[in-house]
Amino acid sequence: MRAEHAPARSGAVVIERINRRSVVPLALGASLVIGLGDFATGVEVAFTLLYIFPIALGTWFRGRAFGNTLAALSGLLSAADEFAWRVEHHMHLHPWSMLWNHGGSLGIFVLCVEVLRRLRAYVEGERQSRQLAVEQLRHAERLNVIGKLAAGIAHELGTPLNVIATNAELVDTERAPPELVHRCCRLIIDQSERIASIIRQLLDFGRRGGSDRQATDLGAIVESTVRLLEPLARKRHVELEVALPKEPIIVSVNHLELGQVLSNLALNAVQAMPKGGRSLVELRRDQERGHPVAVLSVSDEGTGIRPEDVPRVFDPFFTTKGVGEGTGLGLAVAYGIVADHGGRVSVATEWGRGSRFDVILPLPYKTSATLPTV
Amino acid sequence: MGDVAIHPATEARRRPSVLIADDSAEQRWTLRLALSMMGFDVREAADGRELFWALEEQSRLGAAEPSLVIADVYMPAYDGLEVLEAWRDSMAGRAVIFITAFPDSVVSRRIESLGAELLPKPFSLRAFSECVRSTLRRARAPS
């Protein structure tokens, strides 16, 4: 996508031909013409070649660096300086030579300024078109996200809503067998709670941060979260293994949020292995560019992530799971929480072999093995 | 959701069979209740794979015709559309209703080309029973 150049103004046909490549030979040619003019009017040629051309070139560079007004002033100053020097040294001042010298100098200057203006307009046009393209992409992405969100919400809420509506109708029309009325009502309550929890989850995604943090042993978070997930993993024939360091790693975090990060990653690992397998949750100390960090990695031997999907895995609502299985918020939420804690999440994956997600949290330089007394 | 003893409907002499495929247990239970009261013999499938094997078994045993299949479009393993499209050739005498909360144009077109009915969620019990009756009526008397 290229920006349309503004149509050339009248009488600018020559200038139209000027670009970055042709400006130097043109300037040299112009200097040569002025030099020939000098020779004809009896002024020494060396003056033009040694002074006018450097002055013009200098003006051009100054124009690039400081803007055209300043450059024009400085160019005029150079010319005036040269004029004064000549008067001082009682040199011959022929009116035609004056016209040649200063007219030529001005011409070259105007030429340079015009080239500069064109280059600037070109760069600006490119920048604008790129920005426009990015804007359009963002807009398309937003629409895409809204579409996915709509589909996700429709499915997530549609089913429980349907169960509620149908059961309420069964009870209302007294068609439900009396011994099942209680169960119908129970279903209505359960499904309403499910809808409420989905809405809460969506709202949680919207507002994060401002959480209270406490010095917490990351190992304890890992253990409690894995214990919570184990029944589900077993049901899917996934073995959750835990590897913790000997010394506890104490970091100031919000343990609920960190637990959510880990459970989101571990749930993904479990869901990535439809045929079952082994998932390793490992906590260790490491160094990153000289800084101590805690690395919490969750690896699986599942399907992996397609290379084209890797850059989008942390995007909100991006999901490769079927509608209803995932809202596409899990990794986005995890990333946001870890970023709030000053860390980051990285992913290493091989299509068909499995993935590993690393949560990297910065550690204070001196970490004590004991919890500080509060 | 375990099996539920349902009162047999009075008007059903020959109980036609219906197969419900949905990944939500609550949804299956509710539909089973409603369909049992309409006098159907209900069987369930919790995902696309179970639906496939249920259809396989049904065709092997030559189950009572016409049979009705009510399937969710989006399900784990295989989705309902994929499975029933695979069975496209032996659809004779089998009525199919798809239920989905998000019937986009692609899904609607695929359902239409299968000659199946589309019932968007959420639906009322009245709309559901009306859809079941009209679909069965059409399957019994093919034009």
Side-chain angles (χ1 to χ4, degrees), chain A residues 144 146-195 198 235-236 270-275 303 319-327, chain B residues 1-10 20-39 46-49 70 72-82 98-107 119-132:
Chain A
N144 199 6
I146 291 168
K148 268 193 201 139
L149 179 63
I153 289 180
H155 191 272
E156 287 292 310
L157 300 185
T159 303
L161 207 58
N162 202 33
V163 173
I164 289 172
T166 324
N167 277 291
E169 210 175 334
L170 280 169
V171 174
D172 181 48
T173 53
E174 291 172 3
R175 275 195 285 165
E179 70 271 21
L180 291 179
V181 167
H182 177 67
R183 200 161 171 185
C184 289
C185 294
R186 192 66 243 166
L187 263 183
I188 293 174
I189 296 166
D190 287 348
Q191 297 296 297
S192 315
E193 276 167 6
R194 189 173 152 204
I195 291 177
I198 292 165
K235 213 169 116 189
R236 294 189 171 228
V270 170
Q271 287 177 330
M273 294 183 282
K275 290 178 190 140
T303 47
T319 182
T320 54
K321 298 175 196 168
V323 175
E325 247 186 291
T327 49
Chain B
M1 298 283 148
D3 283 341
V4 180
I6 302 288
H7 294 283
T10 44
I20 304 173
D22 199 303
D23 55 331
S24 155
E26 297 84 4
Q27 179 77 79
R28 284 201 308 276
W29 186 85
T30 310
L31 292 184
R32 170 189 272 271
L33 181 57
L35 286 162
S36 301
M37 289 190 310
M38 288 166 69
D47 58 31
R49 202 169 311 204
I70 298 174
D72 193 6
V73 171
Y74 297 105
M75 281 191 293
Y78 305 101
D79 69 38
L81 259 175
E82 277 177 324
F98 281 104
I99 52 178
T100 176
F102 193 69
D104 60 23
S105 57
V106 179
V107 165
L119 187 59
K121 270 194 261 190
F123 45 77
S124 71
L125 209 54
R126 185 197 299 269
F128 175 68
S129 54
E130 186 48 48
C131 181
V132 166

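To find a chain, count down the sequence lines: A is the first, B the second, and so on, and within it residues start at 1.
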Problem set entry | L33(B) and R183(A): CA distance, side-chain angles, deciding distance, side chain to side chain contact (heavy atoms under 4.5 Å, CB included) verdict | CA-CA 11 Å; L33(B) 181 57; R183(A) 200 161 171 185; over 6 Å; no

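Taking 4.5 Å as the limit, some side-chain heavy atom of T159(A) sits within range of a side-chain heavy atom of K121(B). Residues Q27(B) and P160(A) form no side-chain contact, since every pair of their non-hydrogen atoms from C-beta on lies 4.5 Å or further apart.
When all heavy atoms of A101(B) and G158(A) are compared, the pair lying nearest together is CB-CA, 4.0 Å.
If you take CZ on F128(B) and CD on E169(A), they are separated by 11.5 Å, rounding to the nearest 0.5 Å. Atoms CH2 and OG1, from W29(B) and T166(A) in turn, are 11.0 Å apart once rounded to the nearest 0.5 Å.
Only the side chain of D72(B) comes within less than 4.5 Å of a heavy atom of chain A; its backbone N, CA, C and O stay farther away.
Of the listed residues (I188(A), L187(A), I164(A)), just one forms a side-chain contact (heavy atoms from CB on, under 4.5 Å) with T30(B), and that residue is L187(A).
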